[in-house]
Number of protein chains: 2
Amino acid sequence: MSQHRPTGPNGRPGGVPALPDLPEATVARLPEYLRALHHIAETGNDTISSEGLAAAAGVNSAKLRKDLSHLGSYGTRGVGYDVALLIDQIEFTLGLDQRRAVALVGVGNLGHALAGYAGFASRGFRIAALFDADQARVGEPINGLDVRHISELAEVAAAESIAIGVIATPAAAAQDVADALVAAGVTSILNFAPCVLSVPEGVDVRKVDLAIELQILSFHEHRKSALTSLPGGLAEEAVGT
Amino acid sequence: MSQHRPTGPNGRPGGVPALPDLPEATVARLPEYLRALHHIAETGNDTISSEGLAAAAGVNSAKLRKDLSHLGSYGTRGVGYDVALLIDQIEFTLGLDQRRAVALVGVGNLGHALAGYAGFASRGFRIAALFDADQARVGEPINGLDVRHISELAEVAAAESIAIGVIATPAAAAQDVADALVAAGVTSILNFAPCVLSVPEGVDVRKVDLAIELQILSFHEHRKSALTSLPGGLAEEAVGT
DNA sequence: AGGCGCTTGTGAACTCGTGCACAAATCGCG
DNA sequence: CGCGATTTGTGCACGAGTTCACAAGCGCCT
(Lines give C-alpha, C1' and ligand atoms only; values in the text may rest on other atoms or scores of the structure.)
Protein backbone atom coordinates (compact mmCIF):
# COMPACT_ATOMS: atom_id res chain seq x y z
CA MET A 1 0.00 0.00 0.00
CA SER A 2 1.14 3.53 0.70
CA GLN A 3 4.53 4.33 2.14
CA HIS A 4 4.42 8.05 2.60
CA ARG A 5 1.40 9.76 4.04
CA PRO A 6 1.11 13.04 2.13
CA THR A 7 -0.16 16.06 3.97
CA GLY A 8 -1.22 17.50 0.61
CA PRO A 9 -2.99 20.81 0.09
CA ASN A 10 -5.73 21.41 2.64
CA GLY A 11 -4.35 18.26 4.30
CA ARG A 12 -5.56 17.41 7.76
CA PRO A 13 -3.44 19.63 10.01
CA GLY A 14 -2.39 18.69 13.50
CA GLY A 15 -2.90 14.98 12.92
CA VAL A 16 -6.67 15.36 13.28
CA PRO A 17 -8.36 13.22 10.62
CA ALA A 18 -10.72 15.13 8.39
CA LEU A 19 -13.79 12.87 8.27
CA PRO A 20 -15.41 15.00 5.60
CA ASP A 21 -18.61 12.96 5.77
CA LEU A 22 -18.52 11.63 2.22
CA PRO A 23 -21.76 10.88 0.41
CA GLU A 24 -22.37 7.14 0.39
CA ALA A 25 -22.58 7.11 -3.40
CA THR A 26 -19.12 8.61 -3.56
CA VAL A 27 -17.69 6.04 -1.15
CA ALA A 28 -19.08 3.27 -3.31
CA ARG A 29 -17.23 4.63 -6.33
CA LEU A 30 -13.86 5.32 -4.71
CA PRO A 31 -12.76 1.67 -4.93
CA GLU A 32 -13.46 1.71 -8.64
CA TYR A 33 -11.35 4.84 -9.06
CA LEU A 34 -8.63 3.18 -7.05
CA ARG A 35 -8.60 0.12 -9.26
CA ALA A 36 -8.49 2.28 -12.38
CA LEU A 37 -5.64 4.36 -10.92
CA HIS A 38 -3.56 1.28 -10.18
CA HIS A 39 -4.10 0.17 -13.74
CA ILE A 40 -3.05 3.58 -15.05
CA ALA A 41 0.02 3.62 -12.80
CA GLU A 42 1.08 0.28 -14.27
CA THR A 43 1.07 1.78 -17.74
CA GLY A 44 3.63 4.32 -16.54
CA ASN A 45 1.50 7.47 -16.50
CA ASP A 46 2.32 9.95 -13.76
CA THR A 47 -0.71 12.16 -14.18
CA ILE A 48 -4.21 11.60 -15.46
CA SER A 49 -7.00 13.97 -16.40
CA SER A 50 -10.46 13.66 -14.93
CA GLU A 51 -11.67 12.76 -18.39
CA GLY A 52 -9.19 9.90 -18.70
CA LEU A 53 -9.75 8.55 -15.23
CA ALA A 54 -13.50 8.80 -15.62
CA ALA A 55 -13.33 6.74 -18.80
CA ALA A 56 -11.17 4.11 -17.09
CA ALA A 57 -13.61 3.89 -14.21
CA GLY A 58 -16.69 3.96 -16.38
CA VAL A 59 -18.26 7.14 -15.02
CA ASN A 60 -19.02 10.69 -16.04
CA SER A 61 -16.07 13.08 -15.65
CA ALA A 62 -18.06 15.71 -13.79
CA LYS A 63 -19.15 13.12 -11.28
CA LEU A 64 -15.58 11.98 -10.82
CA ARG A 65 -14.33 15.51 -10.21
CA LYS A 66 -17.06 16.14 -7.68
CA ASP A 67 -16.28 12.88 -5.92
CA LEU A 68 -12.59 13.68 -5.72
CA SER A 69 -13.25 17.23 -4.61
CA HIS A 70 -14.86 15.78 -1.49
CA LEU A 71 -11.49 14.36 -0.49
CA GLY A 72 -9.81 17.71 -0.96
CA SER A 73 -8.05 19.44 -3.78
CA TYR A 74 -5.54 16.99 -5.17
CA GLY A 75 -5.57 17.92 -8.84
CA THR A 76 -3.70 20.61 -10.74
CA ARG A 77 -5.72 22.76 -13.11
CA GLY A 78 -4.51 22.54 -16.64
CA VAL A 79 -2.64 19.31 -15.86
CA GLY A 80 -4.73 16.68 -14.09
CA TYR A 81 -4.27 14.48 -11.05
CA ASP A 82 -1.01 13.08 -9.76
CA VAL A 83 -1.63 9.35 -9.95
CA ALA A 84 0.54 8.27 -7.03
CA LEU A 85 -0.75 11.02 -4.77
CA LEU A 86 -4.35 10.24 -5.59
CA ILE A 87 -3.84 6.53 -4.96
CA ASP A 88 -2.41 7.30 -1.55
CA GLN A 89 -5.22 9.69 -0.78
CA ILE A 90 -8.00 7.29 -1.73
CA GLU A 91 -6.35 4.40 0.07
CA PHE A 92 -6.11 6.52 3.17
CA THR A 93 -9.73 7.56 2.90
CA LEU A 94 -10.86 3.97 2.52
CA GLY A 95 -8.74 2.95 5.47
CA LEU A 96 -6.58 0.70 3.31
CA ASP A 97 -3.33 2.05 4.67
CA GLN A 98 -3.51 -0.81 7.09
CA ARG A 99 -4.02 -4.32 5.82
CA ARG A 100 -7.29 -5.41 7.37
CA ALA A 101 -7.82 -8.88 8.75
CA VAL A 102 -10.94 -10.72 7.61
CA ALA A 103 -12.67 -13.78 9.00
CA LEU A 104 -14.43 -16.04 6.51
CA VAL A 105 -17.21 -18.24 7.85
CA GLY A 106 -18.48 -21.14 5.78
CA VAL A 107 -16.11 -23.03 3.53
CA GLY A 108 -18.65 -24.68 1.26
CA ASN A 109 -18.84 -24.16 -2.44
CA LEU A 110 -18.61 -20.38 -2.41
CA GLY A 111 -16.53 -19.99 0.74
CA HIS A 112 -13.87 -22.23 -0.74
CA ALA A 113 -13.61 -19.99 -3.78
CA LEU A 114 -13.50 -16.83 -1.66
CA ALA A 115 -10.74 -18.27 0.49
CA GLY A 116 -8.65 -18.73 -2.61
CA TYR A 117 -9.55 -15.44 -4.27
CA ALA A 118 -6.34 -13.55 -4.89
CA GLY A 119 -8.18 -10.25 -5.33
CA PHE A 120 -8.64 -9.86 -1.59
CA ALA A 121 -4.97 -10.13 -0.78
CA SER A 122 -3.94 -7.81 -3.60
CA ARG A 123 -6.38 -5.11 -2.62
CA GLY A 124 -5.80 -4.51 1.05
CA PHE A 125 -7.15 -7.51 2.89
CA ARG A 126 -5.79 -10.56 4.61
CA ILE A 127 -7.96 -13.57 5.21
CA ALA A 128 -6.88 -14.26 8.73
CA ALA A 129 -9.01 -17.29 9.56
CA LEU A 130 -11.53 -19.74 8.11
CA PHE A 131 -14.41 -21.16 10.10
CA ASP A 132 -17.11 -23.73 9.58
CA ALA A 133 -19.74 -25.38 11.75
CA ASP A 134 -19.17 -28.79 10.19
CA GLN A 135 -16.69 -30.78 12.28
CA ALA A 136 -15.86 -32.86 9.20
CA ARG A 137 -14.34 -29.80 7.54
CA VAL A 138 -12.41 -28.58 10.58
CA GLY A 139 -8.70 -29.04 10.10
CA GLU A 140 -8.90 -29.09 6.33
CA PRO A 141 -6.18 -26.88 4.87
CA ILE A 142 -7.29 -24.31 2.30
CA ASN A 143 -4.81 -22.00 0.69
CA GLY A 144 -2.37 -22.37 3.57
CA LEU A 145 -4.94 -21.91 6.32
CA ASP A 146 -6.59 -24.61 8.43
CA VAL A 147 -10.35 -24.48 8.82
CA ARG A 148 -11.31 -23.97 12.45
CA HIS A 149 -14.52 -24.66 14.27
CA ILE A 150 -16.92 -21.76 14.62
CA SER A 151 -16.76 -22.04 18.39
CA GLU A 152 -13.21 -20.69 18.28
CA LEU A 153 -14.34 -17.51 16.55
CA ALA A 154 -14.25 -15.12 19.50
CA GLU A 155 -10.82 -16.28 20.60
CA VAL A 156 -9.25 -16.03 17.15
CA ALA A 157 -10.94 -12.73 16.32
CA ALA A 158 -9.46 -11.15 19.41
CA ALA A 159 -5.99 -12.55 18.77
CA GLU A 160 -5.91 -11.41 15.15
CA SER A 161 -7.88 -8.19 15.79
CA ILE A 162 -10.45 -9.04 13.16
CA ALA A 163 -13.11 -6.40 12.56
CA ILE A 164 -14.56 -7.65 9.26
CA GLY A 165 -16.41 -10.91 8.73
CA VAL A 166 -17.60 -12.63 5.58
CA ILE A 167 -20.58 -14.98 5.73
CA ALA A 168 -20.66 -17.68 3.07
CA THR A 169 -22.96 -20.15 4.78
CA PRO A 170 -26.44 -21.35 3.82
CA ALA A 171 -29.18 -18.84 4.65
CA ALA A 172 -30.45 -20.92 7.55
CA ALA A 173 -27.19 -20.54 9.45
CA ALA A 174 -26.43 -16.95 8.54
CA GLN A 175 -28.19 -15.16 11.39
CA ASP A 176 -26.50 -17.35 14.01
CA VAL A 177 -23.15 -16.72 12.40
CA ALA A 178 -23.82 -13.00 12.30
CA ASP A 179 -24.65 -13.04 16.01
CA ALA A 180 -21.46 -14.91 16.72
CA LEU A 181 -19.42 -12.47 14.65
CA VAL A 182 -20.92 -9.50 16.44
CA ALA A 183 -20.27 -11.15 19.78
CA ALA A 184 -16.67 -11.62 18.73
CA GLY A 185 -16.30 -7.89 18.13
CA VAL A 186 -16.79 -7.80 14.38
CA THR A 187 -18.35 -4.52 13.27
CA SER A 188 -18.57 -5.01 9.50
CA ILE A 189 -20.12 -7.97 7.73
CA LEU A 190 -20.22 -8.98 4.11
CA ASN A 191 -23.13 -11.38 3.67
CA PHE A 192 -23.36 -13.78 0.75
CA ALA A 193 -26.28 -15.72 2.21
CA PRO A 194 -29.67 -14.91 0.66
CA CYS A 195 -31.35 -13.55 3.76
CA VAL A 196 -31.74 -10.39 5.79
CA LEU A 197 -29.51 -10.09 8.83
CA SER A 198 -30.46 -8.17 11.91
CA VAL A 199 -27.53 -6.65 13.72
CA PRO A 200 -27.13 -4.10 16.48
CA GLU A 201 -26.61 -0.46 15.70
CA GLY A 202 -23.05 0.37 14.82
CA VAL A 203 -22.53 -2.79 12.80
CA ASP A 204 -22.45 -2.39 9.02
CA VAL A 205 -23.79 -5.09 6.76
CA ARG A 206 -23.41 -5.32 3.02
CA LYS A 207 -25.13 -8.03 1.09
CA VAL A 208 -24.14 -9.71 -2.14
CA ASP A 209 -26.74 -12.01 -3.64
CA LEU A 210 -25.66 -13.59 -6.88
CA ALA A 211 -29.12 -14.77 -7.87
CA ILE A 212 -30.55 -11.29 -7.37
CA GLU A 213 -28.08 -9.87 -9.85
CA LEU A 214 -29.22 -12.37 -12.43
CA GLN A 215 -32.86 -11.66 -11.68
CA ILE A 216 -32.32 -7.97 -12.32
CA LEU A 217 -30.75 -8.84 -15.65
CA SER A 218 -33.66 -11.13 -16.33
CA PHE A 219 -36.04 -8.23 -15.89
CA HIS A 220 -34.21 -6.24 -18.52
CA GLU A 221 -34.16 -9.23 -20.85
CA HIS A 222 -37.86 -9.61 -20.37
CA ARG A 223 -38.36 -5.95 -21.10
CA LYS A 224 -36.14 -6.01 -24.17
CA SER A 225 -37.86 -8.96 -25.74
CA ALA A 226 -41.23 -7.34 -25.11
CA LEU A 227 -40.03 -4.16 -26.78
CA THR A 228 -39.00 -5.87 -30.00
CA SER A 229 -42.67 -6.52 -30.72
CA LEU A 230 -43.57 -2.90 -30.13
CA PRO A 231 -43.21 0.19 -32.34
CA GLY A 232 -40.73 2.26 -30.29
CA GLY A 233 -37.00 1.77 -30.68
CA LEU A 234 -35.00 -0.41 -28.32
CA ALA A 235 -32.68 2.26 -27.00
CA GLU A 236 -31.23 1.16 -23.69
CA GLU A 237 -27.88 1.77 -22.16
CA ALA A 238 -25.86 -0.40 -19.79
CA VAL A 239 -27.62 -0.47 -16.46
CA GLY A 240 -25.98 1.36 -13.57
CA THR A 241 -23.84 -0.69 -11.21
CA MET B 1 -42.09 -21.34 -11.12
CA SER B 2 -45.60 -20.07 -11.63
CA GLN B 3 -48.33 -22.31 -12.99
CA HIS B 4 -51.24 -19.98 -13.43
CA ARG B 5 -50.84 -16.54 -14.86
CA PRO B 6 -53.27 -14.31 -12.99
CA THR B 7 -54.96 -11.50 -14.87
CA GLY B 8 -55.50 -9.77 -11.53
CA PRO B 9 -57.06 -6.36 -11.03
CA ASN B 10 -55.91 -3.86 -13.62
CA GLY B 11 -54.16 -6.86 -15.24
CA ARG B 12 -52.79 -6.49 -18.73
CA PRO B 13 -55.83 -6.91 -20.95
CA GLY B 14 -55.71 -8.30 -24.47
CA GLY B 15 -52.36 -10.03 -23.92
CA VAL B 16 -50.52 -6.71 -24.26
CA PRO B 17 -47.76 -6.60 -21.64
CA ALA B 18 -47.93 -3.59 -19.37
CA LEU B 19 -44.29 -2.43 -19.27
CA PRO B 20 -45.05 0.11 -16.57
CA ASP B 21 -41.51 1.47 -16.78
CA LEU B 22 -40.51 0.59 -13.24
CA PRO B 23 -37.96 2.74 -11.45
CA GLU B 24 -34.59 1.03 -11.47
CA ALA B 25 -34.41 1.16 -7.68
CA THR B 26 -37.68 -0.73 -7.49
CA VAL B 27 -36.49 -3.40 -9.91
CA ALA B 28 -33.42 -3.94 -7.77
CA ARG B 29 -35.60 -4.62 -4.73
CA LEU B 30 -38.18 -6.92 -6.33
CA PRO B 31 -35.91 -9.98 -6.12
CA GLU B 32 -35.50 -9.38 -2.42
CA TYR B 33 -39.28 -9.21 -1.98
CA LEU B 34 -39.59 -12.39 -3.98
CA ARG B 35 -37.14 -14.23 -1.78
CA ALA B 36 -38.91 -13.03 1.35
CA LEU B 37 -42.28 -14.07 -0.08
CA HIS B 38 -41.07 -17.59 -0.83
CA HIS B 39 -39.82 -17.81 2.72
CA ILE B 40 -43.18 -16.62 4.05
CA ALA B 41 -45.05 -19.05 1.82
CA GLU B 42 -43.01 -21.90 3.28
CA THR B 43 -44.16 -20.99 6.77
CA GLY B 44 -47.74 -21.52 5.60
CA ASN B 45 -48.98 -17.94 5.54
CA ASP B 46 -51.49 -17.10 2.83
CA THR B 47 -51.45 -13.36 3.24
CA ILE B 48 -48.91 -10.86 4.50
CA SER B 49 -49.13 -7.22 5.44
CA SER B 50 -46.82 -4.62 3.94
CA GLU B 51 -45.37 -4.21 7.40
CA GLY B 52 -44.56 -7.89 7.70
CA LEU B 53 -43.16 -8.25 4.21
CA ALA B 54 -41.11 -5.10 4.60
CA ALA B 55 -39.55 -6.48 7.77
CA ALA B 56 -38.76 -9.76 6.05
CA ALA B 57 -37.14 -7.95 3.16
CA GLY B 58 -35.33 -5.44 5.33
CA VAL B 59 -36.95 -2.28 3.98
CA ASN B 60 -39.32 0.48 5.01
CA SER B 61 -43.00 -0.47 4.64
CA ALA B 62 -43.94 2.71 2.78
CA LYS B 63 -41.24 2.01 0.24
CA LEU B 64 -42.47 -1.53 -0.19
CA ARG B 65 -46.04 -0.41 -0.79
CA LYS B 66 -44.93 2.14 -3.35
CA ASP B 67 -42.80 -0.44 -5.09
CA LEU B 68 -45.64 -2.93 -5.28
CA SER B 69 -48.11 -0.28 -6.37
CA HIS B 70 -46.01 0.12 -9.52
CA LEU B 71 -46.90 -3.44 -10.50
CA GLY B 72 -50.59 -2.78 -9.98
CA SER B 73 -53.00 -3.16 -7.14
CA TYR B 74 -52.51 -6.63 -5.74
CA GLY B 75 -53.24 -6.03 -2.07
CA THR B 76 -56.48 -5.91 -0.13
CA ARG B 77 -56.96 -3.01 2.23
CA GLY B 78 -57.49 -4.10 5.77
CA VAL B 79 -56.01 -7.52 4.98
CA GLY B 80 -52.70 -7.42 3.17
CA TYR B 81 -51.21 -9.11 0.12
CA ASP B 82 -52.04 -12.57 -1.18
CA VAL B 83 -48.68 -14.29 -1.00
CA ALA B 84 -49.13 -16.71 -3.92
CA LEU B 85 -50.56 -14.03 -6.17
CA LEU B 86 -47.79 -11.61 -5.38
CA ILE B 87 -45.13 -14.24 -6.03
CA ASP B 88 -46.61 -14.93 -9.44
CA GLN B 89 -46.84 -11.26 -10.21
CA ILE B 90 -43.25 -10.45 -9.28
CA GLU B 91 -41.92 -13.49 -11.08
CA PHE B 92 -43.78 -12.44 -14.19
CA THR B 93 -42.46 -8.90 -13.93
CA LEU B 94 -38.91 -10.14 -13.56
CA GLY B 95 -39.36 -12.46 -16.50
CA LEU B 96 -38.83 -15.51 -14.34
CA ASP B 97 -41.86 -17.35 -15.69
CA GLN B 98 -39.44 -18.89 -18.14
CA ARG B 99 -36.29 -20.58 -16.89
CA ARG B 100 -33.48 -18.60 -18.44
CA ALA B 101 -30.36 -20.22 -19.83
CA VAL B 102 -27.03 -18.80 -18.68
CA ALA B 103 -23.55 -19.24 -20.08
CA LEU B 104 -20.68 -19.17 -17.60
CA VAL B 105 -17.27 -18.23 -18.93
CA GLY B 106 -14.18 -18.95 -16.86
CA VAL B 107 -14.05 -21.98 -14.62
CA GLY B 108 -11.23 -20.92 -12.37
CA ASN B 109 -11.51 -20.46 -8.66
CA LEU B 110 -14.70 -18.41 -8.67
CA GLY B 111 -16.26 -19.82 -11.82
CA HIS B 112 -16.04 -23.30 -10.35
CA ALA B 113 -17.99 -22.20 -7.32
CA LEU B 114 -20.60 -20.40 -9.41
CA ALA B 115 -21.08 -23.47 -11.58
CA GLY B 116 -21.94 -25.42 -8.47
CA TYR B 117 -24.06 -22.75 -6.81
CA ALA B 118 -27.50 -24.22 -6.19
CA GLY B 119 -29.06 -20.78 -5.73
CA PHE B 120 -29.09 -20.16 -9.47
CA ALA B 121 -31.07 -23.28 -10.28
CA SER B 122 -33.55 -22.73 -7.48
CA ARG B 123 -34.26 -19.14 -8.46
CA GLY B 124 -35.08 -19.26 -12.12
CA PHE B 125 -31.86 -19.95 -13.95
CA ARG B 126 -30.22 -22.86 -15.68
CA ILE B 127 -26.51 -22.89 -16.28
CA ALA B 128 -26.59 -24.17 -19.82
CA ALA B 129 -22.89 -24.26 -20.65
CA LEU B 130 -19.43 -23.69 -19.19
CA PHE B 131 -16.58 -22.21 -21.19
CA ASP B 132 -12.90 -21.57 -20.68
CA ALA B 133 -10.03 -20.43 -22.85
CA ASP B 134 -7.61 -22.92 -21.29
CA GLN B 135 -7.50 -26.10 -23.39
CA ALA B 136 -6.31 -28.00 -20.32
CA ARG B 137 -9.66 -27.41 -18.66
CA VAL B 138 -11.80 -28.22 -21.69
CA GLY B 139 -13.63 -31.49 -21.22
CA GLU B 140 -13.47 -31.35 -17.44
CA PRO B 141 -16.87 -32.24 -15.99
CA ILE B 142 -18.26 -29.83 -13.40
CA ASN B 143 -21.59 -30.45 -11.79
CA GLY B 144 -22.75 -32.63 -14.68
CA LEU B 145 -21.58 -30.26 -17.41
CA ASP B 146 -18.46 -30.54 -19.53
CA VAL B 147 -16.31 -27.45 -19.92
CA ARG B 148 -16.16 -26.38 -23.55
CA HIS B 149 -13.69 -24.19 -25.35
CA ILE B 150 -14.60 -20.54 -25.70
CA SER B 151 -14.48 -20.83 -29.47
CA GLU B 152 -17.67 -22.89 -29.36
CA LEU B 153 -19.54 -20.08 -27.61
CA ALA B 154 -21.52 -18.74 -30.56
CA GLU B 155 -22.62 -22.18 -31.68
CA VAL B 156 -23.76 -23.30 -28.23
CA ALA B 157 -25.41 -19.98 -27.39
CA ALA B 158 -27.57 -20.23 -30.49
CA ALA B 159 -28.50 -23.86 -29.86
CA GLU B 160 -29.46 -23.25 -26.23
CA SER B 161 -30.89 -19.75 -26.86
CA ILE B 162 -28.67 -18.19 -24.24
CA ALA B 163 -29.22 -14.49 -23.63
CA ILE B 164 -27.35 -14.09 -20.33
CA GLY B 165 -23.63 -14.52 -19.80
CA VAL B 166 -21.53 -14.59 -16.65
CA ILE B 167 -17.88 -13.59 -16.81
CA ALA B 168 -15.66 -15.14 -14.15
CA THR B 169 -12.30 -14.77 -15.84
CA PRO B 170 -9.28 -12.68 -14.90
CA ALA B 171 -9.65 -8.98 -15.70
CA ALA B 172 -7.23 -9.19 -18.61
CA ALA B 173 -9.48 -11.58 -20.51
CA ALA B 174 -12.82 -10.06 -19.60
CA GLN B 175 -13.20 -7.58 -22.46
CA ASP B 176 -12.45 -10.22 -25.08
CA VAL B 177 -14.95 -12.56 -23.47
CA ALA B 178 -17.54 -9.80 -23.36
CA ASP B 179 -17.02 -9.13 -27.05
CA ALA B 180 -17.41 -12.84 -27.79
CA LEU B 181 -20.58 -13.02 -25.71
CA VAL B 182 -22.09 -10.04 -27.49
CA ALA B 183 -21.14 -11.53 -30.85
CA ALA B 184 -22.89 -14.72 -29.79
CA GLY B 185 -26.11 -12.81 -29.20
CA VAL B 186 -25.90 -12.37 -25.44
CA THR B 187 -27.62 -9.15 -24.32
CA SER B 188 -27.08 -9.28 -20.55
CA ILE B 189 -23.78 -9.79 -18.80
CA LEU B 190 -22.91 -10.32 -15.17
CA ASN B 191 -19.27 -9.41 -14.74
CA PHE B 192 -17.17 -10.66 -11.82
CA ALA B 193 -13.89 -9.45 -13.29
CA PRO B 194 -12.53 -6.26 -11.72
CA CYS B 195 -12.60 -4.08 -14.82
CA VAL B 196 -14.91 -1.89 -16.84
CA LEU B 197 -16.48 -3.50 -19.88
CA SER B 198 -17.48 -1.59 -22.95
CA VAL B 199 -20.43 -3.04 -24.77
CA PRO B 200 -22.74 -1.84 -27.53
CA GLU B 201 -25.98 -0.08 -26.76
CA GLY B 202 -28.75 -2.47 -25.88
CA VAL B 203 -26.52 -4.77 -23.85
CA ASP B 204 -26.89 -4.61 -20.08
CA VAL B 205 -23.92 -5.12 -17.81
CA ARG B 206 -23.96 -5.58 -14.07
CA LYS B 207 -20.76 -5.81 -12.14
CA VAL B 208 -19.99 -7.61 -8.92
CA ASP B 209 -16.60 -6.89 -7.42
CA LEU B 210 -15.96 -8.71 -4.18
CA ALA B 211 -12.95 -6.64 -3.19
CA ILE B 212 -14.90 -3.42 -3.69
CA GLU B 213 -17.52 -4.56 -1.21
CA LEU B 214 -14.82 -5.13 1.37
CA GLN B 215 -13.23 -1.79 0.63
CA ILE B 216 -16.51 -0.03 1.26
CA LEU B 217 -16.76 -1.81 4.59
CA SER B 218 -13.18 -0.84 5.27
CA PHE B 219 -14.10 2.82 4.84
CA HIS B 220 -16.80 2.52 7.47
CA GLU B 221 -14.43 0.68 9.79
CA HIS B 222 -11.92 3.45 9.32
CA ARG B 223 -14.57 6.03 10.07
CA LYS B 224 -15.84 4.20 13.13
CA SER B 225 -12.44 3.81 14.70
CA ALA B 226 -11.73 7.48 14.08
CA LEU B 227 -14.99 8.42 15.75
CA THR B 228 -14.25 6.58 18.96
CA SER B 229 -11.50 9.09 19.68
CA LEU B 230 -13.84 12.01 19.13
CA PRO B 231 -16.48 13.62 21.35
CA GLY B 232 -19.65 12.86 19.33
CA GLY B 233 -21.46 9.55 19.75
CA LEU B 234 -20.89 6.65 17.38
CA ALA B 235 -24.45 6.38 16.08
CA GLU B 236 -24.43 4.63 12.74
CA GLU B 237 -26.95 2.30 11.17
CA ALA B 238 -26.42 -0.63 8.83
CA VAL B 239 -25.31 0.75 5.50
CA GLY B 240 -27.72 0.53 2.58
CA THR B 241 -27.33 -2.42 0.21
C1' DA C 1 -77.22 -1.99 8.43
C1' DG C 2 -73.89 0.65 10.42
C1' DG C 3 -69.74 1.63 12.64
C1' DC C 4 -64.98 0.53 13.82
C1' DG C 5 -60.37 -1.00 13.26
C1' DC C 6 -57.00 -2.22 10.12
C1' DT C 7 -54.25 -1.88 5.85
C1' DT C 8 -53.40 -0.39 1.29
C1' DG C 9 -52.39 3.12 -2.14
C1' DT C 10 -50.78 7.73 -3.03
C1' DG C 11 -50.23 12.98 -2.94
C1' DA C 12 -46.77 15.95 -1.41
C1' DA C 13 -42.65 17.50 0.84
C1' DC C 14 -38.01 16.50 1.25
C1' DT C 15 -33.41 14.50 0.61
C1' DC C 16 -29.96 12.79 -2.20
C1' DG C 17 -27.51 12.33 -6.40
C1' DT C 18 -26.39 13.84 -11.12
C1' DG C 19 -24.83 16.68 -14.90
C1' DC C 20 -24.30 21.03 -17.13
C1' DA C 21 -21.74 24.94 -17.66
C1' DC C 22 -18.51 28.15 -16.34
C1' DA C 23 -15.19 30.74 -13.42
C1' DA C 24 -10.66 30.10 -11.43
C1' DA C 25 -6.18 28.35 -11.77
C1' DT C 26 -2.12 26.52 -13.91
C1' DC C 27 1.25 25.57 -17.57
C1' DG C 28 3.78 26.48 -21.77
C1' DC C 29 5.11 29.40 -25.38
C1' DG C 30 6.15 33.34 -27.96
C1' DC D 1 5.87 39.12 -19.23
C1' DG D 2 1.48 38.30 -21.01
C1' DC D 3 -1.66 35.38 -23.52
C1' DG D 4 -4.04 31.34 -24.84
C1' DA D 5 -4.87 26.49 -24.21
C1' DT D 6 -6.17 23.28 -20.93
C1' DT D 7 -8.24 21.24 -16.93
C1' DT D 8 -9.93 21.42 -12.23
C1' DG D 9 -13.41 22.73 -8.81
C1' DT D 10 -18.12 24.12 -8.04
C1' DG D 11 -22.74 26.80 -8.18
C1' DC D 12 -27.03 25.63 -9.83
C1' DA D 13 -30.90 23.37 -11.74
C1' DC D 14 -32.97 19.15 -12.49
C1' DG D 15 -34.50 14.44 -11.70
C1' DA D 16 -34.80 10.28 -9.04
C1' DG D 17 -35.85 8.19 -4.83
C1' DT D 18 -37.48 8.23 -0.07
C1' DT D 19 -40.53 9.15 3.70
C1' DC D 20 -44.52 11.06 5.92
C1' DA D 21 -49.12 11.27 6.57
C1' DC D 22 -53.65 10.48 5.38
C1' DA D 23 -57.76 9.42 2.53
C1' DA D 24 -60.00 5.43 0.58
C1' DG D 25 -61.38 0.80 0.93
C1' DC D 26 -62.19 -3.67 3.06
C1' DG D 27 -63.77 -7.04 6.56
C1' DC D 28 -65.69 -8.02 10.90
C1' DC D 29 -68.61 -7.48 14.80
C1' DT D 30 -72.62 -5.88 16.94
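Lettering of chains follows the sequences in order, A, B, ..., and the numbering in each one begins at 1.
Sequence neighbours left out, the pairs with a member in residues 188-197 of chain A that pass side-chain hydrogen bond (donor to acceptor under 3.5 Å, both in side chains) are A/Ser188-B/Glu221.
Protein atom OH of A/Tyr81 is 18 Å distant from nucleotide atom P of D/dT6, rounded to whole Å. In this entry the distance linking CG of A/Leu68 with P of D/dT10 reads 12 Å, nearest Å. The CD-P distance, from A/Glu51 to D/dG9, rounds to 14 Å in whole Å. In this structure, NZ of A/Lys63 is placed 18 Å from C1' of D/dT8, rounded to the nearest angstrom.
For B/Ser49, the side chain to side chain contact (heavy atoms under 4.5 Å, CB included) partners are B/Glu51, not counting sequence neighbours. Among residues two or more places apart in sequence or in another chain, the side chain to side chain contact (heavy atoms under 4.5 Å, CB included) test is passed with A/Ala41 by A/Val83, A/Ile87. Residues passing the ring-ring contact (aromatic ring centres under 6.0 Å, His included) test with A/Tyr33: none are found, sequence neighbours excluded.
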- [ ] Treat primed atoms plus P, OP1 and OP2 as sugar-phosphate and everything else as base, then score nucleotides 20-30 of chain D 5' to 3': B for base contact with protein heavy atoms under 4.0 Å, S for sugar-phosphate contact only, - for none.
- [x] BB-BBBBS---
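Side-chain atoms of B/Ile164 and B/Leu190, non-hydrogen and from C-beta on, never get closer than 4.5 Å to each other.
A side-chain contact (heavy atoms from CB on, under 4.5 Å) with A/Ile212 holds for exactly one of B/Arg29, B/Arg123, B/Arg35; it is B/Arg123.
On the nucleic acid side, DNA chain C has its first and last nucleotide under 4.0 Å of a heavy atom of chain B at C/dC6 to C/dA12, going 5' to 3'.
Comparing B/Ser49 and A/Asp67 along DNA chain C, the residue whose closest nucleotide (by nearest heavy atom) sits nearer the 5' end is B/Ser49.
The backbone N or O of B/Phe125 lies less than 3.5 Å from a partner atom in the side chain of B/Arg99, making a donor-acceptor pair.
Among all heavy-atom pairs drawn from B/Ala113 and A/Ala113, the shortest one is CB-CB, 3.5 Å.
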